Structures are given as C-alpha cells and as structure tokens.
Amino acid sequence: MIMYGGGAGKDGGSTNHISDGGVVLKKGPWTAAEDEILAAYVRENGEGNWNAVQKNTGLARCGKSCRLRWANHLRPNLKKGSFTGDEERLIIQLHAQLGNKWARMAAQLPGRTDNEIKNYWNTRLKRLQRQGLPLYPPDIIPNHQLPSTSTTSSTTTTTTT
DNA sequence: AATTAACCCAACCGCCGACCC
DNA sequence: CGGGTCGGCGGTTGGGTTAAT
C-alpha cells in the first residue's frame, strides 16, 4: 500500500507558504488524472497563479508542484527523447559560459527544460569525472569559472536569435 | 542465474528575489 | 517601511531500469 502523505502528514509541502484550507496536499508521482486537471486548468487560465490551481480545481497539489509538473511534462511543444548532438554541444557551450544556470540554458533550448538539462549535465559530469575526462572539449573555454580578472562581467545576455 | 554498479528520470526541498498589500 | 505570499531556481534525493561481471 502506498500512501503519499495521504494521511496525517500535514506538513508535506515543507516550505509551504500559506496554510491550505484544511486540504492535505499530495506529493509523489503524478497520475494521469491529476495531469489532466492541471493541463485543463492551464488551458483555460494560462500559466501562473499556480496556487489558484489547487484553490479552483481542488487538485491536492501545491502550486510549486503544479508549476514543476507543467513545466517539465505537460507543457506543449516539449521535446521528448534524448538530446541531439547539436543540443549536447549547445549545452556544453552554454554551461561553459553561464555555469549552472539551467533556466537560462533551457531558454536557449526550445522544448527542453531546466530539469532535463540539469539531469543531463549532472550525469555527464559524473561520467566524465569517472573517466578522468575534461568537462569541456578543447575547443570550448569556460568563462564562468575564470578568476576574478575582470569583475565587470557581462550580465546582459544578448539573446541573439 | 544472481548480484552489483551505473544511469536516467522524476519529483521534492529549501532558499532567494520580486511583488503586492 | 515592513510583512507576507508567490514564483522560480538550483541542488539533492529516491526509485526504477539496464548492463556488466
């Protein structure tokens, strides 16, 4: 029997901001039914107001959980499957420039999420370290880990394209 | 055929910053 | 000006699956 906080676990959401109206928020894997409720709500109301999802649909999920689910799995145009060689190279380049700025990196990879990129990178990082290989290919020079030679770094991410 | 290690994916947690009241 | 809430980000953990020994 699996019971995801479906009992007395009131504090499930840990850093839950506000108190729910006595509703016990659920956690753990999402079900297809929950996905549909969330997807339908977003279709009607758009993204944002994630806490409103729980308030208006009665879905026993906190706003944070809804946002994450939507962003990583329900959002349309999500690219599924493995990263292409082109995407991999782009990720490496972006990481060399931005560091662990997964959200920014995801913005450069249409259909990909920060979580996916983060998972990919972490796995690759471990693998490369195990094999004693460099994180970046020789033709890529990371900018984010340069010593404090020039403090006035660029914060403006000129997103061309 | 069984056991162990590694890999990948999904989700949660806590923290931070922005925004609104 | 201060307090509170929400949204978002990055880090970390857990579970399941697959491959190798």
Side-chain angles (χ1 to χ4, degrees), chain A residues 1-39 41-85 87-88 90-133 135 142-145 153 155-157 159:
Chain A
M1 165 132 8
I2 301 174
M3 202 70 118
Y4 298 107
K10 183 73 179 332
D11 176 68
S14 66
T15 178
N16 256 352
H17 305 293
I18 62 178
S19 328
D20 52 75
V23 180
V24 178
L25 281 322
K26 182 180 171 185
K27 67 178 184 178
W30 279 65
T31 64
E34 289 176 319
D35 281 348
E36 185 49 39
I37 291 172
L38 175 56
Y41 184 86
V42 177
R43 275 196 294 269
E44 294 298 319
N45 302 279
E47 299 182 38
N49 291 335
W50 297 111
N51 287 303
V53 178
Q54 191 278 318
K55 291 178 182 176
N56 296 330
T57 69
L59 185 64
R61 294 283 183 173
C62 66
K64 294 178 75 170
S65 187
C66 290
R67 190 188 70 80
L68 179 148
R69 184 62 181 178
W70 173 258
N72 291 330
H73 298 281
L74 302 180
R75 198 167 188 167
N77 303 125
L78 262 183
K79 197 176 294 182
K80 200 165 169 258
S82 305
F83 287 106
T84 64
E87 286 175 323
E88 290 183 17
L90 180 54
I91 290 170
I92 294 168
Q93 291 179 4
L94 288 171
H95 190 277
Q97 299 170 42
L98 306 173
N100 297 351
K101 299 301 179 185
W102 313 118
R104 283 181 181 248
M105 293 167 72
Q108 305 302 314
L109 289 160
R112 298 300 187 180
T113 68
D114 55 274
N115 211 25
E116 280 289 307
I117 296 170
K118 183 167 56 183
N119 282 333
Y120 169 79
W121 186 262
N122 285 335
T123 298
R124 204 154 203 75
L125 180 66
K126 280 187 177 181
R127 176 188 288 181
L128 292 173
Q129 286 181 333
R130 267 191 176 281
Q131 297 181 354
L133 298 173
L135 270 56
N143 295 327
H144 68 89
Q145 67 179 30
S153 56
T155 41
T156 55
T157 310
T159 57

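Values in this document were obtained by computation on a predicted structure and should not be read as measured data.
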hbond_proxy K64(A) side chain to dG8(C) base (donor-acceptor, 3.5 Å cutoff): yes
W70(A) CH2 - dC6(C) C1' separation (whole Å): 19 Å
Rounded distance in Å - CG (L25(A)) to C1' (dC13(B)): 14 Å
Carboxylate-amine/guanidinium contact E87(A) K79(A), below 4.0 Å: yes
Interatomic distance where CG belongs to N49(A) and C1' belongs to dC6(C) [whole Å]: 9 Å
Closest listed nucleotide, where the reference is the side chain of E116(A) and the choices are dG8(C), dA10(B), dC12(B): dA10(B)
R61(A) and K26(A): CA distance, side-chain angles, deciding distance, side chain to side chain contact (heavy atoms under 4.5 Å, CB included) verdict: CA-CA 5 Å; R61(A) 294 283 183 173; K26(A) 182 180 171 185; 3.8 Å; yes
salt_bridge(E116(A), K80(A)) N-O dist < 4.0 Å: no
Sub-4.5 Å side-chain heavy-atom contact between V53(A) and N49(A): no
Length of the CG-C1' vector between D35(A) and dA11(B), whole Å: 13 Å
R69(A) side chain, from C-beta outward: closest of dG10(C), dG7(C), dA11(B): dA11(B)
Interatomic distance, Y120(A) OH vs dC7(B) C1' [rounded to whole Å]: 13 Å
For Y41(A), all residues meeting ring-ring contact (aromatic ring centres under 6.0 Å, His included), sequence neighbours excluded: none
Nucleotide nearest K101(A) (side chain, heavy atoms from C-beta), chosen from dC7(B), dG10(C), dC6(C): dG10(C)
Length of the line joining R127(A):CZ and dC9(B):P, which is rounded to integer Å: 11 Å
Aromatic ring pairing W121(A)/H95(A), orientation class (parallel under 30°, perpendicular over 60°, tilted between): parallel
Pairs: protein N or O with nucleotides 11-17 of chain C N or O, under 3.5 Å:
{"unit_1": "dG11(C)", "atom_1": "OP1", "unit_2": "N100(A)", "atom_2": "ND2", "d": "3.0"}
{"unit_1": "dG11(C)", "atom_1": "OP2", "unit_2": "W102(A)", "atom_2": "NE1", "d": "2.7"}
{"unit_1": "dG11(C)", "atom_1": "N7", "unit_2": "K118(A)", "atom_2": "NZ", "d": "2.5"}
{"unit_1": "dG11(C)", "atom_1": "O6", "unit_2": "K118(A)", "atom_2": "NZ", "d": "3.1"}

For atom CZ of R67(A) and atom C1' of dC9(C), their distance in whole Å: 7 Å
Touch class at under 4.0 angstrom, heavy-atom based, for R61(A) against every strand present: sugar-phosphate
All pairs passing salt bridge (Lys or Arg N to Asp or Glu O under 4.0 Å) where residues 65-75 of chain A contributes a residue, at least two apart: D35(A)-R69(A), E47(A)-R75(A)
